[in-house]
Amino acid sequence: MARSRCKRHAMDESLEDNLLDDGDGVGEVTAQTVLQEIENAWMNERCAPEILPHQSDLVDCMLQQIAHMEENIKRLDRSDLRALVHRMELDRIRYVISSYLRARLEKIERYTFHILSEESNRSPEEAYLTPGELRFAKEYGDSLEALFKTVALDHMPPNFRGFERNKLTVRPNLQTHVFLRANQSITGIVLPGTNDEVDFEEGSQHIIQYSAVSNLVKSGVVQLI
């Protein structure tokens, strides 16, 4: 997605009326659409066994909207019902964003060495982690290695004191089953371990092994639920 910047609008306009510019002046989408995309990314991240490509542009754009809405709420009278409604909406958006970011950090902590190994093979344009997440992953991995070496030197036999990341790497289970909804019709999905194929109709819901649809999740063709 192209890097977005948020246009600011008056508080008496609804969230749906706020517009986002795609950065090159060509296309526009409503802020409600961006919020829906963030919610979709949140559900995917929570349900997928692996970490997914980051959606930092969407998060940054919505945070700009939140900051602007907070400024406008301050101008409303405390007795104005709109202030209460907008604050409730802001709390809901904050929860979605914080839960999304927390889910990603939990995966980084759980699969640190695996994620770093995978990320090292990607170009900056294909990176799944933001620069901040990558820095955190490296620092967390270094801390784990230092802790292991300290414990090993004090409490383990000499032949177990060597630190080998590949032996301590925890990988996500891509064979786990997920529940999804098809955003469009799809044909020829191969079931892992078989020669069987299944088709998804638009709007249909399915339970299937994640490895069979991982690319479809990342491309937005299906939505985890």
Side-chain angles (χ1 to χ4, degrees), residues 1-4 6 15-16 19-24 26-62 65 92-93 95-97 99-108 110-111 114-115 117-119 121-130 133-134 171-225:
M1 176 179 177
R3 185 166 294 279
S4 301
C6 299
L15 186 62
E16 291 85 345
L19 296 178
L20 301 173
D21 194 319
D22 68 355
D24 55 15
V26 176
E28 291 183 343
V29 294
T30 66
Q32 184 60 36
T33 300
V34 174
L35 177 57
Q36 183 61 58
E37 291 182 5
I38 291 176
E39 292 177 341
N40 291 343
W42 169 53
M43 289 299 297
N44 282 340
E45 199 66 66
R46 291 185 62 192
C47 298
E50 63 174 339
I51 197 164
L52 301 175
H54 71 83
Q55 299 294 332
S56 60
D57 287 349
L58 296 177
V59 172
D60 291 345
C61 199
M62 191 52 63
Q65 289 290 320
R92 185 181 72 85
I93 296 172
Y95 172 78
V96 170
I97 293 175
S99 181
Y100 167 72
L101 296 176
R102 186 166 57 250
R104 292 181 61 80
L105 286 179
E106 288 174 353
K107 289 181 181 179
I108 291 173
R110 187 179 304 127
Y111 308 121
H114 169 76
I115 289 174
S117 176
E118 293 289 304
E119 198 73 353
N121 296 320
R122 300 186 181 108
S123 67
E125 294 75 21
E126 299 171 330
Y128 281 20
L129 304 183
T130 66
E133 289 173 337
L134 180 59
R171 294 175 175 79
N173 180 13
L174 303 185
Q175 281 68 53
T176 189
H177 283 70
V178 293
F179 191 32
L180 62 82
R181 179 181 61 251
N183 293 328
Q184 64 187 61
S185 297
I186 316 160
T187 59
I189 300 173
V190 179
L191 298 178
T194 73
N195 293 321
D196 298 334
E197 295 184 354
V198 295
D199 300 334
F200 293 169
E201 294 182 1
E202 182 177 356
S204 60
Q205 298 181 358
H206 309 267
I207 297 178
I208 192 171
Q209 194 174 117
Y210 176 77
S211 60
V213 295
S214 61
N215 290 333
L216 300 179
V217 172
K218 295 167 188 173
S219 64
V221 176
V222 301
Q223 171 67 44
L224 299 184
I225 54 180

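None of these values were measured; they are calculated from a predicted model. Positions are given from 1, in the same order as the sequence printed here.
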Does [X] reach the main-chain N or O of [Y] with its side chain, forming a donor-acceptor pair under 3.5 Å?
| X | Y | result |
| --- | --- | --- |
| His54 | Ser56 | yes |
| Lys107 | Pro172 | no |
| Gln223 | Leu180 | no |

Would you say the side chain of [Y] lies within less than 4.5 Å of the side chain of [X], judging by non-hydrogen atoms?
| X | Y | answer |
| --- | --- | --- |
| Ser214 | Leu174 | no |
| Ile186 | Val198 | no |
| Arg181 | Ser204 | no |
| Leu52 | Tyr128 | no |
| Ile208 | Leu191 | yes |
| Ile93 | Ile38 | no |

Carboxylate-amine/guanidinium contact [X] [Y], below 4.0 Å:
| X | Y | value |
| --- | --- | --- |
| Glu133 | Arg104 | yes |
| Glu45 | Arg102 | no |
| Glu39 | Arg92 | yes |

Interatomic spacing from [atom1] in [X] to [atom2] in [Y] - rounded to 0.5 Å:
| X | Y | atom1 | atom2 | value |
| --- | --- | --- | --- | --- |
| Tyr111 | Arg171 | OH | CZ | 12.0 Å |
| Ile51 | Ile115 | CD1 | CD1 | 4.5 Å |
| Leu134 | Arg122 | CG | CZ | 11.0 Å |
| Met62 | Asp57 | CE | CG | 12.5 Å |

- Side-chain donor-acceptor contact under 3.5 Å, Gln55 with Tyr100: no
- Would you call the rings of Trp42 and Tyr95 parallel, tilted or perpendicular, where under 30° means parallel and over 60° means perpendicular?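 Perpendicular.
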- Query: Pick one: which of Gln175, His177, Glu50 meets side chain to side chain donor-acceptor pair (under 3.5 Å) with Tyr210?
  - Reply: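 Considering Gln175, His177, Glu50, a side chain to side chain donor-acceptor pair (under 3.5 Å) with Tyr210 is found only for Glu50.
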- Query: Counting heavy atoms not belonging to Gln36, are there more than 12 under 6.0 Å from its CD?
  - Reply: yes
- Query: If you look only at pairs with a residue in residues 182-196, which of them pass as a side chain to side chain donor-acceptor pair (under 3.5 Å), with sequence neighbours excluded?
  - Reply: none
- Query: Could you go step by step and tell me if Leu216 and Ile189 meet the side-chain contact (heavy atoms from CB on, under 4.5 Å) rule?
  - Reply: CA-CA 10 Å; Leu216 300 179; Ile189 300 173; 3.9 Å; yes
- Query: Would Leu224 and Phe179 count as a side-chain contact (heavy atoms from CB on, under 4.5 Å) if you check the C-alpha gap in whole Å, the side-chain angles of each, and the deciding distance to 0.1 Å?
  - Reply: CA-CA 6 Å; Leu224 299 184; Phe179 191 32; over 6 Å; no
